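Model, not experiment: these values are computed from the prediction. Each chain gets a letter, A, B and so on, in the order the sequences are listed, and its residues count up from 1.
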Number of protein chains: 2
Amino acid sequence: MNFETFKSLVRISKEDICRELFLENKNSIKIKKEGVAIKNLVTIFDAALQLSNKKGFFAMSLRDLSAATGLSMGALYSYFNSKEELLDMLQRQGRTVITRVIVDQLKGIDDPWERMKRAIQTHLYLTEVMQSWFYFAYMETKNLKKNEHKLAIEAELFTENIFSEIIEQGINKGVFADVSQELTAAAIKAMLQDWYLKRWKYAGRQVSVDDYARFLMDFVSAFLLPVNR
Amino acid sequence: MNFETFKSLVRISKEDICRELFLENKNSIKIKKEGVAIKNLVTIFDAALQLSNKKGFFAMSLRDLSAATGLSMGALYSYFNSKEELLDMLQRQGRTVITRVIVDQLKGIDDPWERMKRAIQTHLYLTEVMQSWFYFAYMETKNLKKNEHKLAIEAELFTENIFSEIIEQGINKGVFADVSQELTAAAIKAMLQDWYLKRWKYAGRQVSVDDYARFLMDFVSAFLLPVNR
DNA sequence: CAAAAAAGAGCGAGCGTTCGTTTTTTATGA
DNA sequence: TCATAAAAAACGAACGCTCGCTCTTTTTTG
């Protein structure tokens, strides 16, 4: 599997994501027409992610967002009740997609090393498709209020746990070396996150997401596979 | 070398760091008495780091900082000319220390693997001693204006380059496997940074910095040392 | 007592938010 | 098909509040 294959298998559209959000947030979104709501939500979220990733969510004002979207201040408030709620919605936007796609992509794969490879690839390709969201989610998590913050931390630990379980499985089957599952999963996660957090650096060096995936799988295999040790 | 040894060898005091800043910023710091200036700079920086790391530099107001330090608004402005300058000073605060300590700790070590181990340990122990600064520097870099932003990026790449050069040296001496220097150095850096960026997670799991150092050296050795491969 | 340090009230600007008004869209009836 | 009325969407001025910052007065230090 490579990035091009992934993209054609897993079609993630902003419209679908915003439709889900629209249906879940009828109380906050005062727009009746689905088509209008979705079109504008996409515009709002794109602009908000871009502005926030540049200067931070708090430093972005709603006047900035108004200018960037071409919607008035009053119109913006048809889509969320407060700036804080916008933050929550932005954070929530991608979370269910991620979980669903990773779990889906691992279905039917039993071999631990194949699972590990697929998990690494899936994570990287997802973050490539939705880089601005991942960057935003990482950087702004600490601004979330209690319950949303808890959910964000859980999502962080959930994907790490996917790796941890693959490692456990591999060790139990005698396929992987006997390593610390938690620390290894955390280290893999750190390297996966580096991809989207420092996209500027890898882009500057012309490292493709497939290059990076290959490198990571190589790096991880040296540690996990006894054949290599 | 372990963390306790490091701490007694490398004494980093906030007072020394603030003294350097005081001497370099006579234009911005209107206080004449070195003792008073340094004492209050330490207080200001500690409070600013804590507040910023909790809610973001922009979301922290100077009234927040005033309350946290016990200094009035007017007194705060004796120490910096603007909030933006405070950001610059905070970012600059630790940069020279880091460079100096890493370079010092590598002196007299020729063996590539020994250098690698020392570099990993030094980086981790430094970030353990100055965790709040490192977290702040990582999270707030994007808010810096042009020249300061450039310096921060350079510092980021400088430490990564230390690892890259060690790898190059190891490959040239036939000690290390033939791997991508840049990607390997970046991966090591990512794992090192994870330590201070997700300090909450490792603390919750009761992983000591020495545990983490040992784990990282093991992980990296599996990839770099042909004996392992 | 003089110099240095600190306090704190208040300024103008910008912020998030509200709400009455205007514009656009849509459905209906002739 | 066209005109009209109602519903929906959008606008934008203004409110109260907080912000960064200034500057005169007060307090502390040596």
[X] [atom1] to [N] [atom2]: how many Å, rounded?
X: B:L71; N: D:dC21; atom1: CG; atom2: C1'; result: 16 Å
X: B:K83; N: D:dC19; atom1: NZ; atom2: P; result: 9 Å
X: A:I31; N: C:dT25; atom1: CD1; atom2: C1'; result: 12 Å
X: B:K55; N: D:dT18; atom1: NZ; atom2: P; result: 13 Å
X: A:L65; N: C:dT17; atom1: CG; atom2: P; result: 12 Å
X: B:E85; N: D:dT22; atom1: CD; atom2: P; result: 12 Å
X: A:N143; N: C:dG16; atom1: CG; atom2: C1'; result: 16 Å
X: A:K39; N: C:dT24; atom1: NZ; atom2: P; result: 14 Å

Less than 4.0 angstrom between a side-chain N/O of [X] and OP1 or OP2 of [N], yes or no?
X: A:K32; N: D:dA8; answer: yes
X: B:S61; N: D:dC19; answer: yes
X: A:N40; N: D:dA10; answer: yes
X: B:Y77; N: C:dA6; answer: no
X: A:S72; N: D:dC11; answer: yes

Select from B:A75 and A:G74 the residue whose nearest nucleotide in DNA chain C is closer to the 5' end of that strand.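 The residue mapped nearer the 5' terminus is B:A75.
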Has B:Q131 got more than 12 heavy atoms of other residues, nucleotides or ligands less than 6.0 Å from its CD?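 Yes, because the 6.0 Å sphere around CD of B:Q131 holds more than 12 heavy atoms from other groups.
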Taking everything shown except B:K14 itself, do over 12 heavy atoms lie less than 6.0 Å from its NZ?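 At most 12 heavy atoms, drawn from other residues, nucleotides or ligands, come within 6.0 Å of this atom.
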What's [X] touching, base or sugar-phosphate or nothing? Going by heavy atoms closer than 4.0 Å.
X: B:S78; answer: nothing
X: A:F58; answer: nothing
X: A:G35; answer: nothing

Quick one: which of [options] gets closest to the side chain of [X]?
X: A:Y79; options: D:dC21, D:dA10, C:dA5; result: D:dA10
X: A:V36; options: C:dA7, C:dA5, D:dA10; result: D:dA10
X: B:M73; options: D:dG30, C:dT25, C:dG8; result: C:dG8

Under 6.0 Å between ring centres: does that hold for B:F3 and B:Y125?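 Yes, the ring of B:F3 comes within the 6.0 Å limit of the ring of B:Y125, centre to centre.
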Taking the side chain as C-beta and beyond, is there a heavy-atom pair between B:M139 and A:K142 under 4.5 Å?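 A side-chain contact under 4.5 Å exists here.
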Could you check whether the rings of B:Y77 and B:F80 sit parallel, tilted or perpendicular, using 30° and 60° as the cut-offs?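 Answer is tilted, since the angle falls between 30° and 60°.
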Check: D:dG20 base within 3.5 Å donor-acceptor of B:R63 side chain: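 Indeed, a donor on one side and an acceptor on the other fall under 3.5 Å apart.
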Do we see a donor-acceptor contact under 3.5 Å between the side chains of B:W133 and B:Q91?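 No - no donor-acceptor pair under 3.5 Å links their side chains.
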